[in-house]
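See structure below.
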Number of protein chains: 2
Amino acid sequence: MVTLKDIAKHANVSVCTVSRYLSAGMVVKKETEKRIQLAIKELGYVPNVVAKALKRKETFNVAVILPKINNLYYSEITSGISQTLGKHNYNLYIYEVDNLSLTEHEILQLMRENMIAGIIFVGLFSDRSFQESIHSVLEWNIPVVYANRCIPYAGFPLVYPDLTKASKLGVQYLLSQGKDRIAFVHKHLPDHLLEHFLDGFRQASNGEHQPMVIEIEEGMDLSKDCIPGLVQNHINGVFVLNELSAVYLTKALVQANIRVFEDMAVLSLGNSLMSEISTPELTCVDLQNRELGIRSAEIILSQIRKEELEPVTVLEPSIVRRQSA
Amino acid sequence: MVTLKDIAKHANVSVCTVSRYLSAGMVVKKETEKRIQLAIKELGYVPNVVAKALKRKETFNVAVILPKINNLYYSEITSGISQTLGKHNYNLYIYEVDNLSLTEHEILQLMRENMIAGIIFVGLFSDRSFQESIHSVLEWNIPVVYANRCIPYAGFPLVYPDLTKASKLGVQYLLSQGKDRIAFVHKHLPDHLLEHFLDGFRQASNGEHQPMVIEIEEGMDLSKDCIPGLVQNHINGVFVLNELSAVYLTKALVQANIRVFEDMAVLSLGNSLMSEISTPELTCVDLQNRELGIRSAEIILSQIRKEELEPVTVLEPSIVRRQSA
DNA sequence: TTGTATGCGTTATCAC
DNA sequence: GTGATAACGCATACAA
């Protein structure tokens, strides 16, 4: 392994000078610079980032902690993060908690051991899996971002989509299509989040009436347990707050000979490839997942550089019109 | 930051003893052990992996290099890798080449600078993007696995699905469903790989006749440019060698009022969530992507431990029957 | 069983 | 501008 010392010797300068040359911005005489460059090329020098990290007490590694990576929802976000980090020459660690069988605390321990520069926790806005980590994180005082957790500011930066706006946008759209009997279908959405959607509904419908709310349980048969209720209540527009559920509900409607859109419009929350390949193609409220990742990464980088930053970043959703609504 | 030295002082032993205690397997007197444990707990010691890496000249970081992560094909593989690495306490770096605008050479440079323990290159079996890296990798002599590249053994470990078998299985299946006029539809599949599929076809059909072969070009309109050809040639079974294309072709068939399965069976290569949510649901040949990831990671770990290893691992595909064929 | 001393490759603090 | 020299936190050869 070729080290600074080797090229220093080869170029007849001190180790320190070489180090200075390599640290961009430092001034070195033109002539010694030439010799150093030559030595580096001739000996095939490769800098050792690990040694540098030990000395500087900082790495260029950012960790993303998420439930699972093989899910378009998370991988879109991750890709956004990856793009931004790459642009700034930071490396990206991935930790899948569903896969790892490690507790939050153990993961944080791991982060400290590895001198991680920053952590981005990515969760579904409905999940509670990162709850217990908060305490440890705050006392450790490492750059952290919570992405996609729609909770009030609690001492660490947050990036999430505006759920109330998403709801309002969706309901307005359904209304504009003549769908005035609306149901929300969700899967394990906690009450405080559901409240955002009900708020959005009120704003869009001038508080005239209440929407129907249905929760999809694990292992529930949509055609038997969900659709009859929709029909009996003369629902003509259903806003599904989970993209995959929207796909399956649409499937079930088609199978039940209910015309999607004409008889019952389906609006999906989330806009991945799934909505596009579903039949009929799903109209949806795009939560801007890639953008979410990009912003999260930017905020982590700001923190690392100790710059000023917005504690809360709220993303604007938008409607993507396709066939189902 | 609490270091070994600190807890050594606090426990009235030497740094060396503490280090020994921490390196599992080393023997320390019961009584000093107690004191060390106490010191660690009281001072809140966190080991420094970076310093350890510098000293030992090895990290526990494995890099996965792939085109993009927000693609179920790659993320399935990655999740398999993540699972295995996590089990063995290795960390996972992700580098998206499509996102990074780095050349192969630059990425390898990065790997060396960071003292990466091993690299897993993940590509589509049809892509050529990792071609130029081979040379540098070989001369550097770092643990490497090429995952999903169906090429002959070339000096580094390979893990890929048995494409000929996949083809044979698929064609046999179509034949068993009475679909005897078969077409292969692919997208940018190089000739040497297409050859595997033609081989599989011959094996399954006793070499009676040739299948029709259609390539999907970028921006091609399936309904206009592909389906008419299929119909004119009285094709009744099409084997699509790309899952997303299978989804879109199925969509186009439905739209053209051609009954999927009865009039034309569609068999897809690859078995992600996409096949499941497509309408009709796609029967497919599962290439075992998660398993591919798991095996790739295992092979990297074997190399890191300098164990014996199989240079080539070939995965067995299997049929997953759904509705489209 | 435990301690001492040295070095991993780099950056930083001084002098010159 | 440049050069000694001392850290960074840990592991290990060797001595005790």
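All chains are named by letter (A, B, ...) in the order of the sequence lines, taking the proteins before the strands, and each is independently numbered beginning at 1.
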Whole-Å distance separating the NZ atom of B:Lys30 from the P atom of C:dT2: 12 Å
task: Would you mind classifying the nucleic acid contact of A:Val28 as base, sugar-phosphate or nothing, using non-hydrogen atoms under 4.0 angstrom?
output: sugar-phosphate
query: Will you find, in the side chains of B:Arg295 and B:Gln288, an N or O donor that is under 3.5 Å from an N or O acceptor?
result: no
- request: Could you point out which residue of B:Arg35, B:Lys34, B:Lys29 forms a salt bridge (Lys or Arg N to Asp or Glu O under 4.0 Å) with B:Glu31?
  value: B:Arg35
- prompt: For A:Asn12 and D:dT2, what is the distance between atoms CG and C1' respectively, to the nearest whole Å?
  reply: 13 Å
field: Touch class at under 4.0 angstrom, heavy-atom based, for B:Lys5 against every strand present
entry: nothing
- line: Closest to the 5' end of DNA chain D, once B:Thr3 and A:Arg20 are matched to their nearest nucleotides, is A:Arg20
Flag for B:Asn289-B:Tyr74: side-chain donor and acceptor within less than 3.5 Å: no
- line: Side-chain contact check for A:Val13: nearest option of D:dG9, D:dG3, C:dG9 is D:dG3
query: With a 3.5 Å cut-off and just heavy-atom distances, do the side chain of A:Lys55 and the base of C:dT10 make a donor-acceptor pair?
result: no
- request: Taking only the side-chain nitrogens and oxygens of B:Lys57, find out if one of them lies under 4.0 Å from OP1 or OP2 of D:dA11.
  value: no
- prompt: Is there a donor-acceptor contact under 3.5 Å linking the side chains of B:Ser82 and B:Ser79?
  reply: no
- request: Return the nearest nucleotide to the side chain of A:Lys52; candidates are C:dT11, D:dG3, D:dC8.
  value: C:dT11
- prompt: Can you tell me how far P of C:dT10 sits from CD of A:Glu58, to the nearest Å?
  reply: 16 Å
Separation of D:dC10 P from B:Ile7 CD1 (nearest whole Å): 8 Å
task: Report the C-alpha distance between B:Thr78 and B:Ser75 in whole Å, list the side-chain angles of each, state the deciding distance to 0.1 Å, and finish with yes or no for side chain to side chain donor-acceptor pair (under 3.5 Å).
output: CA-CA 5 Å; B:Thr78 304; B:Ser75 60; over 6 Å; no
statement: Taken to the nearest whole Å, CG/A:Asn48 to P/D:dC8 is 18 Å
query: Between D:dT12, D:dG9, C:dT13, which nucleotide has the shortest distance from any of its atoms to the side chain of B:Arg56?
result: D:dT12
query: Which atom names give the shortest non-hydrogen contact between B:Ala117 and B:Pro143, and what distance separates them?
result: O-CG, 3.3 Å
statement: Here the distance between atom P of C:dC8 and atom CG of B:Asn114, to the nearest Å, is 20 Å
- prompt: B:Met1 has an atom CE; how far is it from atom P of D:dA7, in whole Å?
  reply: 18 Å
message: Can you measure A:Lys9 atom NZ to D:dG3 atom C1' for me and round it to whole angstrom units?
response: 16 Å
message: Under 4.0 Å from OP1 or OP2 of C:dT4: is there any side-chain N or O of B:Ser14 that close?
response: no
Out of D:dT12, C:dT11, C:dG9, whichever nucleotide has its closest atom nearest the side chain of A:Leu4: C:dT11
- prompt: Quick one: is C:dT2 close enough that its OP1 or OP2 comes under 4.0 Å of any side-chain N or O from B:Thr32?
  reply: yes
task: Give one of base, sugar-phosphate or nothing for B:Tyr21, where a contact means two heavy atoms less than 4.0 Å apart.
output: nothing
statement: With the side chain defined as heavy atoms from C-beta on, B:Thr17 is closest, among C:dG9, C:dG3, D:dA11, to C:dG3
